[in-house]
Structure formats: C-alpha cells, structure tokens
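Written out below as structure tokens is the structure these notes cover.
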Amino acid sequence: QSALTQPRSVSGSPGQSVTISCTGTISDVGAYNYVSWYQYHPGKAPKLMIYDVSKRPLGVPDRFSGSKSGNTASLTISGLQAEDEADYFCCSYAGSYTSLFGGGTKLTVL
Amino acid sequence: QVQLQESGPGLVKPSQTLSLTCAVSGLSINRGGYYWTWIRHHPGKGLEWIGYIYYSGNTYYNPSLKSRVSISLDTSKNQFSLILNSVTAADTAVYFCARSSTSWDFDYWGQGTLVSVSS
C-alpha cells in the first residue's frame, strides 16, 4: 500500500477558493466512497472535516466541501479565512479493514 | 464530550519496545460500535494508519507493521494500548489515538505524543 498523493502545498488569499487533490488507485479511492479529510494544526488534535467523500460533520462550516472523480478525491475550501491555514490530510478505506492516508498538504493563507 | 489522551515514554532505544496508552473519557470503550485506533505522523511526512481494535476485541493492523504491532483494550481503566516491537529510527513519529465508528474515518483524536527512537 502506498500513501495517497497530495500536493505538498497550496495557497490562496482571504476570500478565495482553493482545492486540494488526493489521488489514489482503483483499490482505494476509486473503489470506495469512504474518503475523509482532516485539518491538522501541529500540536493539536486533528479534526475531521469531511467524511464519506462529501459529508460534513456537525459544526464544520459549509465553506468546506468534498468530491470525488475516479481515483481522485478533492477538498475545496471557499471563502478562505486566516484560521483555515493548516495541514490537510486525506484518508481512504483500502479494503480488508485497512485505511490509507495521504502525504498531507500545507495550506497557506496569503 | 469524548476525549482521548495519549501517554508513554518520549524516548525509546533502537531494538526495544514502544508502549503507549490512550485514556478515553466521556464514553465507555465497552460501548459497542467503535474502533479504537492508533495513527502516527512521521516528521515532514504523511499520516500512517497503524491499526485498531474493535470494542469486541478484534484487531486489524497495517500489513506493513503487522509483525511488530499489538493493540489491546483495558476496560477496567477505560483505555487502550499500543505495543510496537523492535523499533528503529523509522518509528520516530507523533503517535495519535483516535476513535472511529465506521473503521474508515476518525471523529475524535488525542493531541498526539512524540516518540523518538534513539540510543
């Protein structure tokens, strides 16, 4: 199992939108609608932002949205705010009760 | 409110055993339907799923770590534990414990604990 592929970094200005991609294979992202996204501020507990590709847990702003096409999932953050600056990780179910994470993307709000 | 808190040594010598505990509050780990999970973050790299234990005691591990890892429940203390044998520098990471109700997404996490492997 190889880690899911994410861009190392993305950036955007306040108010803009950014999209973070997460590319896997036909055995993980492409096989299941079980992709989740996590926001991580170092030193804090990671926070679940999206689950089941596009569902938002209670309390997560609707500025955060998820989607999937083929073997690639995406997290879009619209109306960027300074507080969105963080690391973002994707995760996919990979079958046989195993999960696979991405390499992480550092989001910088300019 | 469910809370998880990792604890354990911050430094382990190569070839020795890494042992961490995750104390759970706000929910009994005996309560059905949850997967109690360990995940780690290598410095400058991505997250790595280590494995989980279902409330029933069934365990599931990352194939790349399966030969060295063990996860167990201690219901009397409402905590679960991670054992990783024969550690090397490659096991240096921040270790997180987390809860999952599905096995594929993780809704509550601890803050993580840094474990360094060094002589």
Counting only heavy atoms from other residues, nucleotides and ligands, does the tally under 6.0 Å from OH of A/Tyr34 exceed 12?
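Not more than 12 within 6.0 Å, no.
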
For the CG atom on A/Leu110, are there more than 12 heavy atoms of other groups (residues, nucleotides or ligands in this structure) within a distance under 6.0 Å?
yes

Can you check whether [X] reaches [Y] side chain to side chain, under 4.5 Å on heavy atoms?
X: A/Cys91; Y: B/Leu47; value: no
X: B/Asp105; Y: A/Asp52; value: yes
X: B/Trp49; Y: A/Thr98; value: yes

Please flag which part of [X] lies under 4.5 Å from any non-hydrogen atom of chain A: side chain, backbone, both or neither.
X: B/Phe106; result: both
X: B/His41; result: side chain
X: B/Tyr35; result: side chain

If two hydrophobic side chains count as joined below 4.5 Å and joins carry through other members, does [X] share a cluster with [Y]?
X: B/Tyr95; Y: B/Tyr52; answer: no
X: A/Ile50; Y: A/Leu100; answer: yes
X: B/Tyr60; Y: B/Phe80; answer: no
X: B/Trp36; Y: B/Leu18; answer: yes
X: B/Leu82; Y: B/Phe96; answer: no

Assess whether side-chain contact (heavy atoms from CB on, under 4.5 Å) is satisfied between B/Trp109 and A/Tyr40, documenting all intermediate values.
CA-CA 11 Å; B/Trp109 296 63; A/Tyr40 177 45; over 6 Å; no

With B/Ile39, the side chain to side chain contact (heavy atoms under 4.5 Å, CB included) member among A/Phe89, A/Tyr38, A/Phe101:
A/Phe101

So, for B/Ser103 and A/Ser99, which heavy atoms are closest and what is the spacing to 0.1 Å?
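Reported closest heavy-atom pair: O-OG, 3.4 Å.
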
Can you name the nearest heavy-atom pair linking B/Gly110 to A/Ala45, along with the distance?
O-CB, 3.3 Å

Which residue out of A/Tyr97, A/Trp37, A/Tyr93 racks up the most heavy-atom pairs below 4.5 Å with chain B?
A/Tyr97

Check whether A/Pro46 gets within reach of chain B through its side chain, its backbone, both or neither, counting any heavy atom under 4.5 Å.
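Interface part for A/Pro46: both.
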
As an exercise, state the distance from OH of A/Tyr51 to OG of B/Ser100, rounded to the nearest 0.5 Å.
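It is 12.0 Å, given to the nearest 0.5 Å.
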
